[in-house]
Amino acid sequence: MNAASRFFLYAVLALAALYALAPLWVMLATSFKSLDEIREGSLIAAPQAPTIAAWSKAWSGACTGVRCEGLKPFFINSLLMTIPAVLISTIIGALNGYALTHWKFRGSELLFTALLLGCFIPFQVVLLPMARTLGALGFVDSIFGLIFVHVVYGLAFTTLFFRNYYVGVPGELIKAARVDGAGFFTIFWRILMPISGPIFMVCVIWQFTQIWNDFLFGVVFAGSDSQPVTVALNNLVRTSTGVKEYNVDMAAAIIAALPTLLVYIVAGKYFVRGLTAGAVKG
Amino acid sequence: MASLGIHNIRKTYGDKAKGVEVLKGINLDIADGEFLILVGGSGCGKSTLLNMIAGLETVTEGEITINGKRVNELPPKDRDIAMVFQSYALYPSMSVRDNIAFGLSLRKVPKAEQDATIARVAKLLQIEALLGRKPAQLSGGQRQRVAMGRALAREPQIFLFDEPLSNLDAKLRVEMRSEIKLLHKRLGITTVYVTHDQIEAMTLGDKIAVMKDGVVQQFGAPNEIYNHPVNTFVAGFMGSPPMNLIPATMQRRGSDFVAVMTVGEGAAQSVALPVDARYTTALSDSQSVLVGLRPEHITDAPRAAAPTVASISVPVELTEVTGADILLTTTLGGVRALARLHPDSLDAIRGHTVSVSIDVSRLVLFDPATGLALTR
Ligand SMILES: Nc1ncnc2c1ncn2[C@@H]1O[C@H](COP(=O)(O)OP(=O)(O)OP(=O)(O)O)[C@@H](O)[C@H]1O
Ligand SMILES: [Mg+2]
């Protein structure tokens, strides 16, 4: 590649990056400005007198409907919902994938096909049946209910991920362990788990972003005390007492997006690696 | 210590009605402490049979017994079997040491005893320096030895080996073969051993079962299989190079028969080999047969000590010096035939023809239509 085309290539890439990052910059800049500065200055200018007042209000003072405690309680709700839901759906998905590939039973292929179908069911379709199910289980308006919904809905994906990964594990590996005297769970923990790192990361990232960013289930199934941060953000932006506080809105939006951003930064490289990795060599 | 019985075993993968039948009624009985060799072409069902003995594949039909007790429904861990898999199947996340220790610790062997066992098999298999490594850091032959070590660490009722030496270099292979033989002598553990190696088959086995397309063709002692193959498949499968199968015609000479075959291309000359009297009842005049003759029974003067020889002169088409022998290619009965000559004969066979001696007492006859051996 010659210098000119290389330059052109980098120019295009830089432009694309700028395009993608510009909104983030506007949000960041705005969140550190005072309302006066927003009114007078330009949208993309850096803050003249940076202040974290908007951040602190978004975190603990802004009104989300009738409550005025900021995003903090809802952020905690989201954590309490997301972490267990991610872990439970990932572990069950791993067990499913393991059973579907290495402990085949009559109808296991059919079951897998049915599970796959679950990946394509739109959220809206399950709202009503799920509401009734939650009612029957007594999980209405609680974080448990949300965890349950996300685990059930996520299973289709996590099972698919793990099944496709474990298909690559040679059957003789499992056979060798069985001859050595290991049972279903021993093989899972001692043989498969240690080589599941890459796909585990894929599942965790995928599930975390899905569940953390979910709005619909949060709006429908959460009670006022168990709302996740996405719903609270919506309420915060829509609750205005007189003047619209763009800086607070921006800070709140960034707070709500921060965990998924963090997960991507910390574990993003494993995502690609895990999706492309074969299971084992040797 | 265990005897092993395999009775009318059938195996169909997948749906019983639609699937392909891989094993079609296998019958084998192995006494306590016996060493059974399984040989047969690729895909004939050897690994499948081992898997069924281990309890890793379901039995479609028939019965497997250990010590006379039916084990069809017994899970693998309760059969007390150790197995070396064709693909090694080493646990990728564990070190070599842990690979070997895995089965021991699951069976609650005390730690000190585990260490002693690991040291013993590591020494036996020359893998002491590799104990800390992961399987991905090993060569094919090293992996194979670790797989072997995992099995040999235990003293099970039955050993199952699926081509355990296939990936070793020639020297190691010979060493390991002797180790296996010694170990079997010392421990006397019943063993089923799959191999494609003729020498392993002949030297290790108390019994050999030759399989083809899911059917046992012949089951017997190595000598029996080698000298009296029941059909042309077994004759062609065992031995390296395999038995010559030469088309010939029977002719009555008084009360006896001779097998008449052409010599060389163009069929200008022919030769008549006397056939042992034990065949007489099974033969008729001008019947077509296939004469089975091993290359070492077509040899030259220095080797032909037996009294039952017929001397013939054959054209030389190709000679291959292997070191211990000269393999001579000629044409008998219109097909390629191999003779095994003494290496010192090289000068003598520079010409176009060479005189060879045939040990007619070793000749076996097959029906060309069915491939079955004629009654002996
Ligand atoms: N899980 C399976 N499902 C369907 N068919 C199978 C399965 N495993 C093996 N087969 C088929 O069964 C036949 C016997 O296979 P097997 O592995 O027992 O052969 P083998 O004698 O061990 O051959 P090789 O010497 O190449 O190892 C083959 O035709 C193979 O394709
Ligand atoms: Mg095999």
Side-chain angles (χ1 to χ4, degrees), chain A residues 91 94-95 97-113 162 164-202 270 273-274 276-282, chain B residues 13-15 47 50-58 74-96 98-109 133-140 142-144 146-147 150-151 153-154 156 158-160 162:
Chain A
I91 288 172
L95 277 169
Y98 165 53
L100 284 172
T101 46
H102 292 289
W103 296 80
K104 288 222 175 89
F105 46 90
R106 194 174 279 281
S108 60
E109 291 298 320
L110 197 75
L111 189 74
F112 177 61
T113 315
F162 275 99
N164 287 356
Y165 189 75
Y166 288 152
V167 155
V169 175
E172 292 206 335
L173 204 57
I174 277 71
K175 289 181 177 176
R178 289 178 68 195
V179 170
D180 264 346
F184 183 89
F185 286 103
T186 310
I187 296 174
F188 182 66
W189 286 116
R190 302 274 309 269
I191 312 289
L192 283 181
M193 264 306 163
I195 56 173
S196 300
I199 201 65
F200 207 85
M201 293 308 288
V202 168
Y270 296 108
R273 208 181 286 169
T276 52
V280 244
K281 293 200 197 73
Chain B
Y13 279 111
D15 193 17
S47 300
L50 285 199
N51 274 306
M52 288 166 86
I53 297 171
L56 297 166
E57 289 286 357
T58 52
L74 206 61
K77 68 176 164 55
D78 299 328
R79 296 195 187 192
D80 196 13
I81 274 171
M83 182 162 177
V84 177
F85 289 85
Q86 195 168 4
S87 65
Y88 322 145
L90 302 180
Y91 310 129
S93 62
M94 298 184 196
S95 66
V96 168
D98 292 342
N99 260 281
I100 299 173
F102 187 67
L104 299 175
S105 63
L106 285 180
R107 287 187 153 80
K108 309 254 178 326
V109 176
R133 290 207 207 161
K134 293 278 172 66
Q137 300 165 318
L138 301 176
S139 75
Q142 291 169 335
R143 282 180 210 176
Q144 195 159 36
V146 176
R150 206 166 52 181
R154 290 183 31 225
I158 297 175
F159 274 130
L160 302 175
D162 203 342

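Keep in mind that this is a model prediction, so the values were computed, not measured. Letters go in sequence order (proteins before strands), and every chain restarts at 1.
- Under a cut-off of 6.0 angstrom, the local environment of NZ in Lys77(B) is sparse, with at most 12 non-hydrogen atoms contributed by other residues, nucleotides or ligands.
- Taking Arg107(B), Met94(B), Gln86(B), Met83(B) one by one and counting their heavy-atom pairs under 4.5 Å with chain A, the maximum is reached by Arg107(B).
- Heavy-atom distances place the backbone of Ala82(B), and not its side chain, under 4.5 Å from chain A.
- When heavy atoms are compared at a cutoff of 4.5 Å, Arg79(B) does not approach chain A at all.
- The minimum heavy-atom distance between Leu173(A) and Tyr91(B), with the atom names listed, is O-CE2, 3.9 Å.
- For a residue to count as touching a neighbouring chain, one of its non-hydrogen atoms must lie under 4.5 Å from one of that chain's; by this rule Glu57(B) touches chain A with the side chain only.
- Of the two parts of Asp80(B), neither the backbone nor the side chain holds a non-hydrogen atom closer than 4.5 Å to a non-hydrogen atom of chain A.
- Residues that satisfy the side chain to side chain donor-acceptor pair (under 3.5 Å) test with Gln142(B), not counting sequence neighbours, are Ser139(B).
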Practice task
Might you work through the side-chain contact (heavy atoms from CB on, under 4.5 Å) test for Phe162(A) and Leu100(A), ending with a clear yes or no?
Solution key: CA-CA 10 Å; Phe162(A) 275 99; Leu100(A) 284 172; over 6 Å; no
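- Ring geometry, Tyr166(A) versus Phe188(A): the interplanar angle exceeds 60°, so the pair is classed perpendicular (tilted spans 30 to 60°).
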